[in-house]
Amino acid sequence: MKYKDYYATLGLARGATDEEIKKAYRRLARKYHPDLSKEPKAKEQFQEVSEAYETLKDAEKRAAYESLGSFRPGQDFRPPPDWQERYSAGGAEDLGGIDLSELFASLGGARGRGFHDLPIPGEDFEVTVHIGLDEAMRGTEVALELATREMGPDGRIMRTPKSIRVRIPAGVTDAQKLRLRGKGGAGFNGGRAGDLYLNIALHPHPLFRVSGHDLYLEVPVTPWEAALGAEIEVPTLTGHVTMKIPAGSKAGQRLRLAGKGMTKPHGAAGDLYAVLSIAVPSVLSESERKLFEELRSASRFNPRGHFAQ
Amino acid sequence: MDHELIVFAEFESASGLTRAEIVELVEYGVFAPTGTAIEQWAFPESMLELARVAARLRADFELAPSTLALVLAYRERVLELERRVCELECRLPR
């Protein structure tokens, strides 16, 4: 079993008071709570902080933790010989294969609730699934690895890896949550199966940006296409289409291609917005330069006329 | 899934909130069930995500329902602003 320094996780010394433990937890929970935080790895950080707090806030668990001794974080260790009899309800099982958090969770479970008789609902799982825009359009299937709880022959609940495949329907969007009822962990003693919650995260696309079911595509046009109008080819997720650029178009103008966005769940589709930018050649040929100079002399257009007012 | 309704008992068990907490959060306008009598309440499945967030925040910060309602309202505003920022960023040249 690997040692974890719960006090260091909370930024505390060993003799911290209950009040100091609670304050440290609240401060770190506010920083890392996955429902509120934008910190990188917030979820993992919050799990570490919660695990430490779950043990240290409970006087009995804290005493059990302290009597394990003190080791370096990550160091392999074994509890003292009498530790299991003093604190664990499970008897003399081999603790080598379990995690420190499971050890302390089992202390609480065994102490409280008549664990072996009551129906225990299966665990809910929440997993973030990264898929591409094409997969979101068409629907896809993904393979997931879950660490589910299984009851061993001795009645002890252990974590077991479980592989499942789940179907993601066509029309999902970025940050959407899907609930797959009964696809989580198995229940025990007649308890219902848990649910699986999928958080959809779309991979960034090199061309398209996504807002709900709408797509945005930056479309560079030449100054003469913007001024005179043009018909140009633009990509969509389902192939190229011809789009009309009206004469007198401006940079930043949005042109809508209705129904060319992401598929929606019930058959309709979002829109594709072409956002125009005016591209100018970085190197001008001699004849191009001449024509631009002619245009400068001939044109009375002043885009900064309103500055003078 | 947005249109599917789930009954109160299932909403309670899947959200992790207690019945009393759900009733109080409905009073504060956090959830809007269909049906008038409490026994007939049904909730859009899409509301379950918010309920699970509420359950986690309540458990992790030991929040009272009134505080929870306030936090959730601000969280919704932040999410709405983030959606708006995302939409506006989509229009900017790269």
Side-chain angles (χ1 to χ4, degrees), chain A residues 22 25-26 28-30 32-36 38 46 49-50 53-54 57 121 124 126 169 171-182 184 191-192 194-195 197-199 206-212 214-220 251-254 264-266 273-279, chain B residues 1-7 9-18 25 30 42-64 67-94:
Chain A
K22 188 185 247 188
Y25 165 74
R26 287 195 169 168
L28 292 168
R30 212 172 59 183
Y32 294 121
H33 198 282
D35 292 312
L36 304 172
K38 292 282 174 198
F46 180 71
V49 169
S50 304
Y53 183 59
E54 281 302 313
K57 76 174 182 183
D124 290 337
E126 197 166 330
V172 292
T173 53
D174 198 34
Q176 189 175 335
K177 318 275 180 186
L178 294 179
R179 178 191 183 206
L180 304 178
R181 208 176 306 186
R192 66 165 180 90
D195 298 329
Y197 292 85
L198 297 182
N199 300 329
L207 290 178
F208 300 107
R209 286 187 266 187
V210 189
S211 176
D214 294 333
L215 293 176
Y216 287 78
L217 171 70
E218 187 188 348
V219 177
Q253 189 169 330
R254 283 191 308 162
K264 289 182 180 173
H266 303 291
Y273 289 96
V275 182
L276 300 185
S277 64
I278 312 281
Chain B
M1 95 177 230
D2 285 354
H3 305 290
E4 203 172 317
L5 290 174
I6 50 182
V7 295
E10 189 186 347
F11 190 74
E12 183 186 340
S13 99
S15 67
L17 293 167
T18 66
L25 289 171
V30 175
F43 298 80
E45 195 169 31
S46 56
M47 222 171 260
L48 192 52
E49 142 71 1
L50 180 62
R52 287 169 57 80
V53 171
R56 285 195 290 262
L57 292 175
R58 184 262 283 131
D60 296 333
F61 293 99
E62 298 167 358
L63 299 180
T67 317
L68 195 52
L70 190 70
V71 171
L72 291 172
Y74 278 115
R75 182 179 173 274
E76 278 306 295
R77 278 183 65 181
V78 169
L79 292 176
E80 180 51 39
L81 289 169
E82 283 180 348
R83 278 191 287 271
R84 186 80 186 125
V85 167
C86 167
E87 192 190 320
L88 292 171
E89 278 178 348
C90 284
R91 301 185 193 184
L92 294 175
R94 293 183 192 221

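In what follows, chains are A, B, ... by sequence order, proteins preceding strands, each numbered from 1. The structure displayed is predicted, hence computed values, not measured ones.
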Practice item. Show the numbers, then the answer: is there a side-chain contact (heavy atoms from CB on, under 4.5 Å) between B:Val53 and A:Lys177? Key: CA-CA 12 Å; B:Val53 171; A:Lys177 318 275 180 186; over 6 Å; no
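- We find that B:Arg56 and A:Glu126 are joined by a salt bridge, their nearest charged nitrogen and carboxylate oxygen being less than 4.0 Å apart.
- Rounding to the nearest 0.5 Å gives a distance of 7.5 Å between SG of B:Cys86 and CG of A:Asp174.
- Looking only at heavy-atom pairs under 4.5 Å with chain B, the residue among A:Arg30, A:Arg192, A:His33 that has the most is A:His33.
- For the pair A:Lys57 and B:Glu62, the salt-bridge criterion is not met [side-chain N within less than 4.0 Å of a carboxylate O].
- With a threshold of 4.5 angstrom between heavy atoms, A:Arg181 approaches chain B through side-chain atoms but not through N, CA, C or O.
- Remark: A:Asp35 CG to B:Phe61 CZ distance equals 8.5 Å, nearest 0.5 Å.
- Although no hydrogens or angles enter the test, the distance criterion places no donor-acceptor pair under 3.5 Å between the side chain of B:Arg91 and the main chain of A:Arg254.
- In terms of heavy-atom proximity, A:Asp195 sits nearest to B:Ala14 at OD2-CB, 4.1 Å.
- Taken from CG in B:Asp60 to OH in A:Tyr53, the straight-line distance is 10.0 Å, to the nearest 0.5 Å.
- Contact detail for A:Arg209 and B:Glu89: the closest heavy-atom pair is NH1-O, 2.9 Å.
- In this structure, no portion of A:Tyr273 lies under 4.5 Å from any heavy atom of chain B.
- A:Val210 and B:Cys90 make their closest contact through O-SG, 3.8 Å (heavy atoms, listed as atom of the first residue, atom of the second, distance).
- Both the backbone and the side chain of B:Glu87 have a heavy atom closer than 4.5 Å to some heavy atom of chain A.
- When heavy atoms are compared at a cutoff of 4.5 Å, A:Leu276 does not approach chain B at all.
- Residues of residues 72-85 of chain B that come within less than 4.5 angstrom of chain A, heavy atom to heavy atom, are B:Arg75, B:Glu82 in numerical order.
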